[in-house]
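Just below is one structure, and these are the notes that go with it.
In what follows, chains are A, B, ... by sequence order, proteins preceding strands, each numbered from 1.
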Amino acid sequence: MLQIQDQSLRPLTTAHLAQTMSLLVLSNQELRDRVLAELSSNPALELLDERVCPECHRPLRSASPCPVCSRKRASEDGPIVFLSPRESLRPRSGARFQEEPMETEPAAPEDLAIHILRQLASDLAPEDRPLAIYILASLDEDGFLRDHPALIAKATRSSLDRVQRVIALISTADPVGLATLGPRQALLAQLDQIQHEQPIATLARRMLEQTFEELGRREFDKIAHLLGVRPRQVHDAAAFIHANLNPYPARAYWGSGRQAAPGDPNVYHQPDIMISHNPVDEGGPLMVEIFSPISGWLRVNPLFRKAMVTAGESTSEEWSEHLEKASLFVKCIQQRNNTMRKLMQLMVSQQRDFILKGPRHLKPMTRAQVAEAIGVHESTVSRAVANKSVALPDGRIIPLAKFFDRSLSVRDRIKEIVRNEQKPLTDDEIASQLRKEGVKIARRTVAKYRAMEGILPARLRAARQLSQAA
DNA sequence: CTATGGCACGGATT
DNA sequence: AATCCGTGCCATAG
């Protein structure tokens with residue numbers, strides 16, 4: 001197949017290494033921008049439509065090489081890499097790309113503000129644009145309004161009415177719920193965007209509006225009492241909220257600002273990698289797709305190279321530098337793809353249970369061990385894992401780094417212990433319970449994990465049980 | 001007096 | 001070398 005030629009694995013220069021590393025840490029969205037920037041600044045680099053054979057420009061049926069040119073390419077000069085929007089492989093049968101119809105990807109913004117502005121382009125009156133920019137810039141890191149609309153109106157010398165109209169507009173763009181006052185309003189804004197008729201959505205709305213505090217403390221029974229519905233329904237509605245809404249919409253975007261809250265599974269965003277079931281064989285090997293940020297053939301422009309040769313000595317410094325850089329860049333992308341592929345192959349084979357059955361089955365692995373296994377430096381693994389997200393077969397999107405979270409399975413056990421407890425267990429009791437199950441951790445650590453999972457201390461859980469009994 | 005959270009230390013990990 | 005993580009100690013709230 002045409003993907004990565006072995007020549008990409010030959011000894012590296014330090015410059016090569018450095019650039020490979022710097023590319024490896026990037027998420028897809030960031031890489032996309034990087035590739036585009038490189039393309040526009042370097043004339044020696046070219047990107048061809050992926051449906052055309054890069055050699056003879058004949059249209060291609062699939063992502064396979066053109067039969068006419070495939071033999072030729074081996075001897076052809078210059079690295080070339082095929083970037084597809086979805087690059088698929090199966091874990092056990094070796095790497096393989098899968099043909100995929102071309103999808104036009106939505107513009108992937110490096111910057112949340114630009115992303116929003118693009119979407120609003122048609123709805124936003126031109127004279128409101130500066131105002132929108134001002135508002136977006138004034139949001140805090142979670143994407144909420146830091147200043148009161150009246151303040152914004154004053155600062156921009158516009159009417160309060162106008163400010164509120166623009167804010168309302170922003171809050172409807174993806175990610176929905178931006179520029180709201182806080183998590184509650186963000187959730188409500190998102191609720192507005194989905195089906196209104198469903199009774200569960202109606203109840204969810206009432207809960208957000210009237211019993212938000214209680215919801216945060218998971219006092220479902222109290223909520224049921226206050227709203228006069230059955231606890232069962234409250235549970236369902238809470239689950240609905242958890243599954244479909246994101247209280248911190250801005251955190252879905254990783255490039256800018258902080259990382260998503262650890263432990264929060266609700267990271268909405270285009271994943272960098274997708275793991276799914278094999279459609280024909282559920283029990284078979286998992287399917288891994290490593291998304292590429294861009295599609296097409298990326299290579300050094302052969303015309304550019306030829307032109308340089310014919311120009312001979314008169315070649316300017318600048319040109320050869322371009323050529324050098326372009327070739328380096330392509331090789332680095334190859335290297336990046338290669339590393340990601342090896343990494344994911346290992347992950348799906350080693351952590352199959354984790355992927356399919358949930359957090360408890362995560363086998364603790366350190367980055368160093370993985371590095372050893374796939375034969376790269378451990379810092380390479382660190383970079384490969386950083387800033388990437390994975391979509392699991394069940395639809396959850398989690399940071400790739402979660403695969404290396406040593407405490408994940410224990411935290412999951414704690415969650416279960418608490419869920420099944422008859423009376424509220426203290427941290428000490430939980431610790432000894434865990435010890436019986438063969439997990440030796442200190443009481444203090446239980447407390448930390450419990451906090452991470454948002455589980456209340458035993459005393460407060462007791463209060464909840466009382467209200468349930470009443 | 002007991003359960004818990006804050007702070008800080010040391011060892012492991014990156 | 002920098003960071004993360006588990007843990008012990010101690011203050012505090014109930």
With a cut-off of less than 4.0 Å, is there a side-chain N or O of [X] near OP1 or OP2 of [N]?
X        : N     : value
A:Tyr449 : C:dG6 : yes
A:Arg444 : B:dG6 : no
A:Thr445 : C:dT7 : yes

Interatomic distance, [X] [atom1] vs [N] [atom2] [rounded to whole Å]:
X        : N      : atom1 : atom2 : result
A:Glu378 : C:dA1  : CD    : P     : 15 Å
A:Arg450 : B:dA3  : CZ    : P     : 12 Å
A:Phe404 : B:dT13 : CZ    : C1'   : 12 Å
A:Ile441 : B:dA12 : CD1   : C1'   : 17 Å
A:Lys440 : C:dG6  : NZ    : P     : 15 Å
A:Leu24  : B:dT14 : CG    : P     : 16 Å
A:Met452 : C:dC5  : CE    : C1'   : 8 Å
A:Ile414 : B:dT4  : CD1   : P     : 12 Å

(request) Compare every heavy atom of A:Leu188 with every heavy atom of A:Arg205, then report the nearest pair and how far apart it is. (result) NH1-CD2, 3.8 Å
Options [options], nucleotide nearest the side-chain atoms of [X]:
X        : options              : value
A:Arg367 : B:dT14, C:dT7, B:dG5 : B:dT14
A:Asp427 : B:dG5, C:dG6, C:dG8  : B:dG5
A:Arg459 : C:dT7, C:dG6, B:dA3  : B:dA3

(request) Could you tell me whether A:Glu30 and A:Arg34 have a side-chain N and a carboxylate O separated by less than 4.0 Å? (result) no
(message) I'd like to know if A:Asp272 pairs up with A:Lys388 as an ion pair, taking the criterion as any Lys NZ or Arg NE/NH1/NH2 lying under 4.0 Å from an Asp or Glu carboxylate oxygen.
(response) no
(request) Measure the shortest side-chain to side-chain distance between A:Val385 and A:Leu343 over non-hydrogen atoms and say whether it is less than 4.5 angstrom. (result) yes
(message) Assess the residue pair A:Phe403 and A:Ile355 against the criterion (side chain to side chain contact (heavy atoms under 4.5 Å, CB included)); give the C-alpha distance rounded to whole Å, side-chain angles, the decisive distance to 0.1 Å, and a yes or no.
(response) CA-CA 9 Å; A:Phe403 280 75; A:Ile355 293 163; 4.1 Å; yes
(request) Look at the side chain of A:Arg443 against the base of B:dG5 and say whether a donor-acceptor pair falls under 3.5 Å; ignore hydrogens and angles. (result) yes
(request) State whether the distance check finds a donor on one side and an acceptor on the other, under 3.5 Å, for side chain A:Arg406 versus base C:dG6. (result) no
(message) I want to confirm an ordering. Mapping A:Glu429 and A:Lys448 to their closest nucleotides on DNA chain B, which one lands closer to the 5' end?
(response) A:Glu429
